[in-house]
Amino acid sequence: MKAGALAWLVIVSALCAVLAARLHRGIDLQTDMTALLPVEARDPITDRAEHRFAELLTGRILILIGDRDRSEARASGSILAEALAASGMASSVTYRFPSDAWRDIGKMYFPYRYGLLSEVDRKRLEQNRGQEIANRALASIYAPASPIDAELLRQDPFLLLPEFLSHLPNPLAALTPDDGILSIREGDITWVMLVAQLNGNAYAGAFQDRFISLFNTICRNIATKTPSVKILRLGAVFYAHAGGKSATLEATHLSIISTIGTTLLILCVFRALRPLWLMVLTITVGVVCAFAVCVSLFGGLHALVLLFGVGLNGIAIDYCWQYVTARFGPKAENPTDRLRRVLPGIALGGATTLIGYATLLLAPFPGLIQLAVFSAVGLIGSFVTIVLWLPYLDSSQPLTHGDHMLATAHLLWIFWGDARYMATRRCVLVLLGGLVMVGAAHLKINNDVRRQQTLDSTLHAQEVLIRHLVQMPMGAQFVFVQKPDREQVLRTEEALQTRLALATHDGVLGGFQSMAQFIPSISRQRQNRDLVANRLMGPFLDTYFKRLGVEGNVQTGNSVVTYLTPDLITRDSPIAFVRDLLVESEDGATTGLVLLSNVERPAEIQRIADSIPGVHFVDIAEEISGLLNKDYRCAMILIAVSVMLMLPVVIWRYGISGGIRVAIPPVIAVAATPPLIAVIGMDFTFFGAMGLVLVLSIGFDYAVFCQEVEKGQRPTTMLGILLALATTLLSFGVLAWSNTFAVRSFGVTLLVGTTLAFLMSPIASDRSSKLFSTKG
Amino acid sequence: LSGRFWQTRRINGIPTILTSNGDFLLVPDYGLIWRVEQPLRATTIITKEGVRQIVNDNEVQHIEASRTPLVTHLNELLNAAMVGDWKALRHDFVVAKTGDQAWRAILTPLRRDDLVTGTLSSIVITGGATVDNVEISHRNGDSEHLRFFDQTISQAPLRDEDARLLAGKGLGSASHE
C-alpha cells in the first residue's frame with residue numbers, strides 16, 4: 001500500500017509538471033460554440049467559405065455616436081475612428097468618406113452604363129416596352145427640380161444609370177452622407193456612424209479583453225471631453241465579452257455559495273477540518289489529472305468541457321463521503337479497515353460511473369469525446385487518491401457524536417423497509433407516477449440556441465436602438481454560391497436573385513444583398529447592351545431627341561468593349577462592403593455570399609437553394625441548434641447504452657434480481673426527471689441531457705452503496721449518501737438559479753434527478769426493502 | 001395649396017428651351033402632386049414614402065424613400081421653397097430676404113460638396129401672399145424658372161383621385177396595385 005501511495009505521488013507530480021508547463025505556454029480555452037461542430041464528412045471548401053464569412057460577420061462592429069451638437073458628435077466620431085485605426089486591432093475603420101466618394105460610385109459605373117439595367121427596365125425591354133422608359137425620361141426632365149443636364153442627356157439619354165443606381169440595394173439607406181460622414185438626424189440628435197472590421201477572433205478571450213479595454217478607454221476619454229455624447233455599440237465582440245463577464249461573475253457567486261455551504265456542512269457534521277482537506281485533495285488531484293491528460297491529448301480544451309468536466313469529476317466526492325462517514329460507524333478505529341469496509345461499494349460505484357462516462361466516447365462529437373476523456377481520467381485520479389492516500393492522511397480517531405445524524409439518515413431506510421409505511425409508499429409512488437404522466441404530456445425538447453443565450457440587456461437595448469435608427473434588419477443568415485470562377489458565380493447569383501426577389505415579394509424574407517446586384521455578370525451585361533441598342537436606342541432615340549430639340553451625336557457607349565468587374569470597387573468606396581461578398585480562394589473555387597435579412601420561412605429558402613446547383617443555405621443559429629439537437633439525441637441514446645453496459649457489472653456482483661434492483665432507482669430517476677421538470681414548465685435541453693448522464697451515475701452509486709451495506713452499517717452509509725446528496729446539490733443544484741439558460745437547465749436536472757435518486761436508493765437493497773409486500 | 005405652374009428650362013448645350021405647364025397640389029406634411037399637361041401628360045407624386053411617376057396612366061417609376069434619402073431631401077427642399085418655409089431652408093442655404101409685402105429671397109447653398117444642393121449656384125424666390133416665382137440656377141449654367149399662378153389655399157377635403165395618388169395608389173382604373 002505504501003509503495004502504491006508513493007508511486008501515485010510520482011505520477012501526480014509528473015502530471016502537475018506537464019500541466020504547469022502547458023499553462024505556462026498558454027492554453028487555448030475555446031468558447032466558440034461552433035468549435036463543437038461535429039466531425040461530419042463536410043466539404044472542406046464549403047467549410048472554409050462558411051467559416052470565413054462567419055468570421056467576417058462576427059468581426060464587424062457598428063458604432064453610432066450621437067449628440068445634440070452635430071459638431072460634437074462628429075468630433076467624437078473622429079477620435080474613436082483614429083484611436084481604433086491606430087490600435088492595430090481593426091483591419092479597417094470606415095468613418096469619413098472623401099466628399100466625392102458618392103460621385104465616384106457614379107463615375108465607376110458610368111463607362112459601363114449600357115450594360116447596366118435595373119430589373120424592371122430589363123423586363124420592359126425584353127417585353128418590347130421601351131416606350132415606357134422613354135416616357136419616364138421625358139417625365140423626369142419636366143419634373144420639378146430635376147438635376148439633368150445636357151451632358152447627361154447626350155451620354156445617357158434615357159437616364160438608365162440613375163434608374164439602375166436607385167435600385168441598388170442600400171443597406172444603410174437611412175443614413176445620409178453629411179460632409180463625408182454617414183449621419184442620421186433623429187429628433188434633435190445627430191448620430192454619426194462608424195463601422196470597423198476587427199482583425200482578431202471576437203470569441204477569443206484575450207483579444208476580447210484587449211479590444212474591450214481599449215474601446216472603453218476611448219469612450220471614457222470622449223466622455224471626459226464631451227459628457228453629453230452617447231455611444232451605441234453593436235457587434236459580436238461586445239456581446240461575447242459581456243456574456244463572459246456576467247458568466248464569470250455568476251460563477252463566482254455560485255461557487256462562493258457552494259464553497260461556504262460545503263465547508264459549513266463538513267464542519268457541522270465532523271466538527272473537524274480534516275475531512276474537508278481530504279475532499280479538496282481528492283477532487284483537485286482528479287481535475288489536475290484530467291486537465292493534464294486532456295490538454296496533452298487535444299492540444300486545447302473547450303470551456304464547456306472544462307465546466308461540465310469538473311462537474312462530472314465532482315462525483316468522486318460521493319466516494320470520499322462514504323469513506324469519511326465510516327468514522328461514525330462501529331469498529332472504526334483503523335483507517336485501513338474503514339477503507340476495506342467501503343471499498344466494494346465505492347469500487348463498484350466507480351466502475352458503473354466510469355462506464356457511464358466512457359460511453360460518451362462513442363459519440364461522434366468532438367465536444368462529448370473531450371468531455372468523456374476529461375471526466376473518466378478525473379474520476380480515476382480521484383478514486384486512486386481515495387484508495388491510496390486517504391488512509392495515510394486520515395485521523396484514526398472514530399467519531400462518536402453522530403448518533404442523532406445517523407438516526408435521521410436512517411429514517412429513509414425505515415420508510416422503504418418498514419411494513420407500517422407500505423400504504424404511504426404506494427401513495428408516494430402513485431403520486432410520482434401521476435406527476436410523471438402529467439409532465440410527459442407537457443414535455444418539450446428545445447435546443448434553440450437563440451433561447452439559450454442570455455443577451456446582455458444594456459447591449460441588447462443599444463442594438464434595438466441602432467437597428468431602429470439605421471433601419472438595419474436582423475439575422476445572420478446567408479446563402480453562398482460556389483462555382484469554379486467568378487463569372488459562373490455571378491450568373492448563378494442572377495438566377496438566384498430572380499427566385500429571391502419573388503420570395504421577398506411573398507414575404508419569405510425581408511431582402512438580400514449579393515455581388516451580382518452591384519456587378520452583373522459579363523453575359524448579363526452583354527445581353528443588356530444588346531437590349532439597349534436594339535430595343536431602346538434604335539426605335540426611340542430619334543423621336544425622343546427631336547422632341548427635346550437635342551442636336552448632335554449621342555455617345556451610345558457601344559464603343560466600350562470592356563465590362564464592369566468586381567475589382568473596380570475600390571477599398572475606400574462607400575460600397576466597399578460589397579467586396580466582401582465574393583471570395584476567390586487559392587484552390588480555384590470562387591464563393592459568392594448572399595446576405596439574407598429577416599428570413600421568415602427558412603424552409604423555403606432551403607428549397608430555393610437546393611434547386612440551384614452550387615447554392616448552399618446557411619443559418620448559423622439554426623446550425624448550432626441542429627447540432628445541439630443531434631448532441632441531445634446522441635446523449636439520450638448514450639444514457640440508454642450506458643444503462644445496458646452497467647447492468648452486467650451489477651448483475652455479475654448481485655445476481656440477476658439483485659442487479660436489476662440496483663438499477664431501479666437510477667433508471668427511475670433518469671426517466672422521471674425530464675417529465676418532472678416539464679411539470680414546472682421548463683423545456684428540456686441538451687444541457688439537461690448532460691445532467692442526466694451525471695444523475696445516472698450518481699443514482700447507481702447510491703444504489704450500489706445501499707446494496708453493499710451490512711445491516712449494522714446502514715445508518716453510516718445512509719449518512720454518507722445524504723451528505724453526498726447535500727454536496728451535489730450545493731455544487732450543482734445551485735446552478736438551477738443561474739441566469740444562463742443552458743446552465744440552469746443542467747442545474748435543475750441535477751437538482752430533481754439526484755434528489756429522486758437519493759429518495760429511491762434504499763429500494764436497491766434486497767435485504768430489507770420491500771415495496772409492496774409486507775413480508776421481510 | 002393648389003394652382004397652376006409654367007416651367008421653363010434652359011439646358012446649357014441644348015438650343016431648345018423646354019417649357020411645360022400644368023397644375024400642382026401641395027398638401028403640407030403629406031406630399032406634392034405635380035401634373036404636367038403640356039407637352040406630355042406626366043404626373044409626379046412626391047410623398048414621404050417616395051417618388052412615383054405616372055405617364056399616360058402607366059406607372060413608370062417608383063422609388064421608395066427608404067432607398068434614396070437624397071431624393072427625399074431634394075423634395076423636402078422643394079416643398080419648403082414652394083411654401084416659403086425659411087426655417088427649413090436655412091439648414092442647407094444662406095437665406096437673404098428683402099421686402100415684406102412683395103418680397104424676394106436669394107438662397108445660396110451652405111455646402112458646396114453637398115450631393116443635393118452642391119450643384120446649385122442660387123435659388124431666387126419672389127412672392128407676396130404666396131410664392132410666385134422660383135428661379136433655380138445650376139453651377140453648370142442650366143437654369144429652371146417656375147412661375148406659379150391661380151394659387152388657392154383650401155381646407156376642403158381632397159378630390160378622390162388626388163387622395164388616391166397621395167396614398168400611393170394608381171390612377172383610377174389604370175392600376176390595381
Side-chain angles (χ1 to χ4, degrees), chain A residues 70 98-103 106 118 120-121 124 129 131-154 159 162-163 165-180 182-185 471 511 545-552, chain B residues 5 7 9 11-20 22 24 32 34 36 38-44 46 51 53-56 58-75 77-78 81-82 111-116 118-120 134 136 138 140-142 144 146:
Chain A
R70 172 177 167 275
S99 59
D100 46 5
W102 278 271
R103 252 159 262 165
S118 72
V120 193
D121 278 0
R124 284 190 178 118
R129 293 190 286 132
Q131 185 66 52
E132 285 176 26
I133 297 178
N135 285 344
R136 179 187 62 219
L138 276 178
S140 299
I141 291 165
Y142 288 112
S146 76
I148 293 156
D149 59 23
E151 196 64 8
L152 185 60
L153 273 180
R154 284 230 170 73
L159 310 174
E163 183 70 7
L165 292 177
S166 72
H167 280 87
L168 281 183
N170 185 353
L172 300 173
L175 297 127
T176 0
D178 170 9
D179 205 2
L182 287 176
S183 320
I184 314 156
R185 231 179 291 165
Q471 292 177 17
F545 267 9
K546 249 178 223 135
R547 208 166 172 173
L548 291 174
V550 180
E551 291 162 353
Chain B
F5 67 85
Q7 183 194 38
R9 234 183 132 143
I11 300 179
N12 211 4
I14 295 177
T16 328
I17 294 172
L18 301 172
T19 60
S20 61
F24 71 91
L32 169 72
W34 189 267
V36 179
Q38 290 290 326
L40 82 164
R41 272 186 56 213
T43 309
T44 306
I46 300 168
V51 181
Q53 275 187 357
I54 297 167
V55 181
N56 298 337
N58 264 331
E59 183 171 297
V60 291
Q61 189 175 45
H62 185 176
I63 302 176
E64 282 166 44
S66 62
R67 304 178 70 94
T68 49
L70 291 182
V71 174
T72 325
H73 188 51
L74 183 71
N75 296 320
L77 292 177
L78 190 71
M82 284 176 68
R111 291 180 289 277
R112 279 176 72 93
D113 58 355
D114 189 284
L115 284 176
V116 177
T119 61
L120 303 173
V134 176
I136 304 169
H138 290 262
N140 60 9
D142 292 355
E144 182 177 344
L146 286 164

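Computation of the quantities below employed the complete heavy-atom set of this structure, encompassing side-chain atoms and omitting hydrogens, waters and symmetry-equivalent molecules. What you are looking at is a predicted structure, and each value in this text was computed from that prediction instead of being measured.
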Select, from B:T44, B:V36, B:T19, the one with the greatest count of heavy-atom pairs under 4.5 Å involving chain A.
-> B:T19

Under 4.5 Å from a heavy atom of chain B, the part of A:S118 involved = neither

Cut-off 4.5 Å, heavy atoms of chain B, and the answer for A:I133 is neither

Heavy-atom closest pair (A:S140 atom, B:R9 atom, distance to 0.1 Å) is O-NH1, 4.5 Å

Stepwise, does the side-chain contact (heavy atoms from CB on, under 4.5 Å) test hold for A:L138 with B:V55?
-> CA-CA 9 Å; A:L138 276 178; B:V55 181; over 6 Å; no

Of all heavy-atom pairs linking A:Y142 and B:W34, the shortest is O-NE1, 3.8 Å

Honestly, the part of A:R129 sitting under 4.5 Å from a heavy atom of chain B is neither

Taken in chain and number order and not counting sequence neighbours, the residues that satisfy side chain to side chain donor-acceptor pair (under 3.5 Å) with A:N135 are A:Q131

